[in-house]
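Reading through the structure tokens given below for one structure.
Naming: A, B, ... by sequence-line order, numbering from 1 per chain. This structure is a prediction, so every number in the text was calculated from the model and none was measured. The analysis underlying the following values was restricted to heavy atoms, covering all of them including side chains, and did not include hydrogens, waters or symmetry mates.
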Amino acid sequence: MLDIKLIRNDPEAVKAAVARRGEDTSSIDEIVELDARVRAHMTAVDQIREESNRVSKEIGELYRNGETEKAEALKAGTEGQKENERQHADALAHLQATIRELLLNVSNMPSPEAPDGLTEDDNVVVRVEGYDPDAIADHQRVPHWEIGEQLGILDVDRAVRMSGSMFAMYRGHGAHLLRALISYGLDRNRDAFEEIRPPTVVKTDTMIGTGHLPKFADDAYHLERDDLWAIPTAEVPLTSMVAGEILDQADLPMRLMAHTTCYRREAGSAGRDTRGLLRVHEFDKVELYSFCTPEQAQAMHMEILERAENAIRDLGLAHRVLDLACGDISGAGTRTYDIEVFAPGADRWLEVSSVSWCTDYQARRANIRYRPEGEKGTRFVHSLNGSGLAVPRVWAGIVETYRQPDGSIRMPDVLLPYLGGLTEIPAPV
RNA sequence: GGAGACGUGGCCGAGCCAGGUUGAAGGCGCUUCCCUGCUAAGGAAGUAACGUCGUAAGGCGUUCGUGGGUUCAAAUCCCACCGUCUCCGCCA
């Protein structure tokens, strides 16, 4: 969430920034107004408590000295104070809860450098690599859901029978390829990132920490009986890993990576891009993540983007990098780069990574701070995340891109160490 | 799931049964200074976070797992929840 002090001191600037997303900013005015009332009640409560603390201490002293009568007299004088305090305290608590609720629903301020615009059409293409529409051969123009069926490596129909639409099942070499991609995604970042395998089902507080709740409750799977949520991305448990902690500056930047399954209801996108693996409710992903100081954040953003892009480049996939327009940046982000792979069979760009710099927006929610060296007090860390490898769409890109004239699929060189001798998925006989 | 024990500051650990100068003894760690050829040892002082008021110095408030309650007063008493540990049961 945003810093209430920042909103208090310069509401117009905050509104202007948030408005670039196309978001309604009227709640910010409301917050400012409620905040003033909060502080009035706060002062009142503090004064009442100060007085009551003082009197209590005095009573204690009187009892100790055996001056029971005086003590009783003082006690009698405290009547009514309690009710008075309670009224202010209740009003205060109520206002604070309201403010928090409002605050949780205000998105992060986009970076001044983020491109203007409200939709994905306004995203700026930073670079395109390996994309040549004229060089795409006919045998590559087969969508992966057809290839998957032909080769017996992807079985959507049976997955749908078990779990409903937008679920997939990988089989045989297809499942093996999936596993290879996960290992590949992790291993190539092992030089700097600590591998984590977190829980994939988490408490409500954990989801709030990253900004996925309350705003996007409809997009997440909820296990009502135990009040647990299936994570939409490893970003959720990774952020919460150090929730409430004060980190040593020496430990920053902290680099973490995790392979997890991710669950998304995709509530707003029913019927869109539903063929094959374009959009599924359950998928595997390797996530790259970092906590760092504000000073380190910009460089870390570039590092994660570079690592994610290199993984795609080394797989030999045509791709492009987008600088997202304000309106397309997810709630917690201040700036986001997307990586899209071109899938020649499906004939479209598929988002395979979203690399976001969240400033202290998530850290504030999850209360993650660090002690700056040579400075008093604490500061909130910055958090950054990016998909190191989103498996299904990369899988789709590979299967379509590497399809040979005979219908077999050659395996990218960089995956060979993970495929136990498999160099191609053979064509059906 | 059953029975019991327990959750205190960066860490360890008193205090809780008998509520009152306890924001919390003592120790470790850390910081600064002294001593010192170097290191070790030793001596002195300091060492939580958050909120709020204040230009500041500083004042006040909150926090002893979390949330309620009792009381003039709660780390201490009561209730609920969360978590940890031990034993039993079950189990990949």
Side-chain angles (χ1 to χ4, degrees), chain A residues 1-9 31-103 197-209 223-229 237 240-252 254 261 291 360 362-381:
Chain A
M1 65 186 134
L2 294 177
D3 186 357
I4 182 80
K5 285 184 200 153
L6 188 65
I7 295 177
R8 189 184 297 159
N9 294 335
I31 289 169
V32 171
E33 191 202 311
L34 295 177
D35 177 55
R37 287 167 57 196
V38 156
R39 280 177 299 148
H41 283 294
M42 205 175 256
T43 308
V45 170
D46 280 2
Q47 281 169 354
I48 294 166
R49 283 188 184 158
E50 181 184 354
E51 173 66 12
S52 129
N53 285 344
R54 202 182 52 73
V55 171
S56 289
K57 214 169 257 187
E58 218 172 301
I59 293 175
E61 231 161 292
L62 289 172
Y63 271 122
R64 219 169 311 112
N65 298 336
E67 301 181 68
T68 317
E69 257 172 57
K70 277 190 184 173
E72 296 291 343
L74 262 185
K75 254 203 227 181
T78 61
E79 233 169 289
Q81 283 300 37
K82 198 169 201 179
E83 185 51 35
N84 192 12
E85 177 190 333
R86 164 157 244 133
Q87 275 180 14
H88 280 292
D90 284 350
L92 179 63
H94 180 74
L95 283 171
Q96 281 177 324
T98 310
I99 288 181
R100 184 174 164 80
E101 190 70 23
L102 289 170
L103 220 40
R197 179 38 250 231
T200 53
V201 170
V202 300
K203 297 197 240 185
T204 298
D205 280 351
T206 309
M207 289 283 279
I208 290 175
L223 306 173
E224 284 186 16
R225 180 174 163 147
D226 298 294
D227 194 21
L228 292 169
W229 300 78
S240 301
M241 233 174 89
V242 291
E245 294 188 25
I246 299 174
L247 308 173
D248 283 337
Q249 179 161 3
D251 294 332
L252 302 177
M254 198 179 263
T261 309
F291 293 111
D360 58 3
Q362 288 178 329
R364 199 177 296 282
R365 287 186 182 221
N367 194 22
I368 306 168
R369 291 166 291 165
Y370 75 101
R371 251 179 250 283
E373 276 161 29
E375 227 180 273
K376 254 192 120 61
T378 58
R379 283 156 77 187
F380 286 106
V381 299

| task | Quick one: list whatever passes side-chain contact (heavy atoms from CB on, under 4.5 Å) with A:Asn65, sequence neighbours left out. | result | A:Glu67
| query | What residue pairs, at least two apart or across chains, pass salt bridge (Lys or Arg N to Asp or Glu O under 4.0 Å) with a residue in residues 51-61 of chain A? | reply | A:Glu51-A:Arg54, A:Arg54-A:Glu58
| Span that lies between the C1' atom of B:C53 and that of B:G43, in whole angstrom | 41 Å
| query | Can you name the residues that form a side-chain contact (heavy atoms from CB on, under 4.5 Å) with A:Glu69, not counting sequence neighbours? | reply | none
| said: Within this structure, what is the CG-CZ distance for the pair A:Leu62 and A:Arg64, rounded to the nearest 0.5 Å? | reply: 9.5 Å
| task | Determine: side-chain N/O of A:Arg8 to OP1/OP2 of B:U52, distance under 4.0 Å, yes or no. | result | yes
| remark: Taking every heavy atom of A:Pro199 against every heavy atom of A:Pro237, the minimum-distance pair comes out as O-CG, 3.7 Å
| task | Using whole Å, report how far CD of A:Gln47 lies from C1' of B:G51. | result | 15 Å
| With rounding to whole Å, what would you report as the distance between B:A25 and B:A40 at their P atoms? | 28 Å
| According to the ring-ring contact (aromatic ring centres under 6.0 Å, His included) rule, which pairs have a member within residues 46-87 of chain A, sequence neighbours left out? | none
| query | Dot-bracket for RNA chain B, 5' to 3', with Watson-Crick and G-U pairs under 3.5 Å, [ ] for crossing pairs and | for other-strand pairs: what is it? | reply | ((((((((.[[[..)....(.....]]]((((((.......))))))((((((....)))))).[[[[[..)....]]]]])))))))....
| Pairwise C1' distance, B:G15 and B:G9 [rounded to whole Å] | 14 Å
| Taking the C1' atom of each, how far is B:U8 from B:C16, in whole Å? | 11 Å
| Can you check the A:Asn367 CG to B:G51 C1' distance for me, whole Å? | 13 Å
| RNA chain B-proximal residues of residues 34-46 of chain A, any heavy atom under 4.0 Å | A:Arg39, A:Met42, A:Asp46
| query | For A:Ile48 and B:U62, what is the distance between atoms CD1 and P respectively, to the nearest whole Å? | reply | 12 Å
| query | Do you know the tightest heavy-atom contact between A:Phe291 and A:Leu252? | reply | O-CD2, 3.6 Å
| field | Integer angstrom distance from the P of B:G1 to that of B:C12 | value | 28 Å
| message | I'd like the P distance from B:G51 over to B:A56, given in whole Å. | response | 15 Å
| said: Using whole Å, what does the distance between atom C1' of nucleotide B:U52 and atom CD1 of A:Ile4 come to? | reply: 14 Å
| request: Provide, to the nearest angstrom, the distance between the CD atom belonging to A:Gln96 and the P atom belonging to B:U62. | output: 14 Å
| Mind checking the P distance from B:C79 to B:C28? Whole angstroms is fine. | 39 Å
| task | Find the distance A:Arg54:CZ to B:C60:P and express it as a whole number of Å. | result | 12 Å
| field | Euclidean distance, atom CG of residue A:Asp3 to atom P of B:C50 [Å, nearest integer] | value | 12 Å
| message | Among residues at least two apart in sequence or on other chains, which ones pass salt bridge (Lys or Arg N to Asp or Glu O under 4.0 Å) with A:Asp3? | response | A:Arg364
| Roughly, in whole Å, what's the span from CD1 in A:Ile246 to P in B:G10? | 7 Å
| said: Generate the contact string for nucleotides 64-85 of chain B. Rules: B means base contact, S means sugar-phosphate contact only, - means no protein heavy atom under 4.0 Å. | reply: -----S-BBS------------
Let me check something: any side-chain donor-acceptor pairs from residues 33-49 of chain A under 3.5 Å, sequence neighbours excluded? List them with distances.
| residue | atom | partner | partner atom | Å |
| --- | --- | --- | --- | --- |
| A:Asp35 | OD1 | A:Arg8 | NH2 | 3.2 |
| A:Asp35 | OD2 | A:Arg8 | NE | 2.6 |
| A:His41 | ND1 | A:His88 | ND1 | 3.1 |
| A:Thr43 | OG1 | A:Arg39 | O | 2.8 |
| A:Arg49 | NE | A:Glu85 | OE2 | 3.0 |
| A:Arg49 | NH2 | A:Glu85 | OE2 | 3.4 |

| task | Return the minimal non-hydrogen interatomic distance between A:Ala243 and A:Ile368, and the atom names on each side. | result | CA-CG1, 3.8 Å
| query | Closest nucleotide of RNA chain B for A:Glu61 versus for A:Arg369: which of these residues is on the 5' side? | reply | A:Glu61
| request: Take atom P in B:A24 and the same atom in B:A18, then report the distance between them in whole Å. | output: 26 Å
| remark: ring-ring contact (aromatic ring centres under 6.0 Å, His included) filter on A:Tyr370, not counting sequence neighbours, yields none
| request: Can you sort out the partners of A:Thr200 under side-chain contact (heavy atoms from CB on, under 4.5 Å), two or more places apart, ordered by chain and number? | output: A:Arg197, A:Ile231, A:Thr260
| said: Please enumerate all residues that pass side-chain contact (heavy atoms from CB on, under 4.5 Å) together with A:Glu245, with sequence neighbours excluded. | reply: A:Val242, A:Leu247
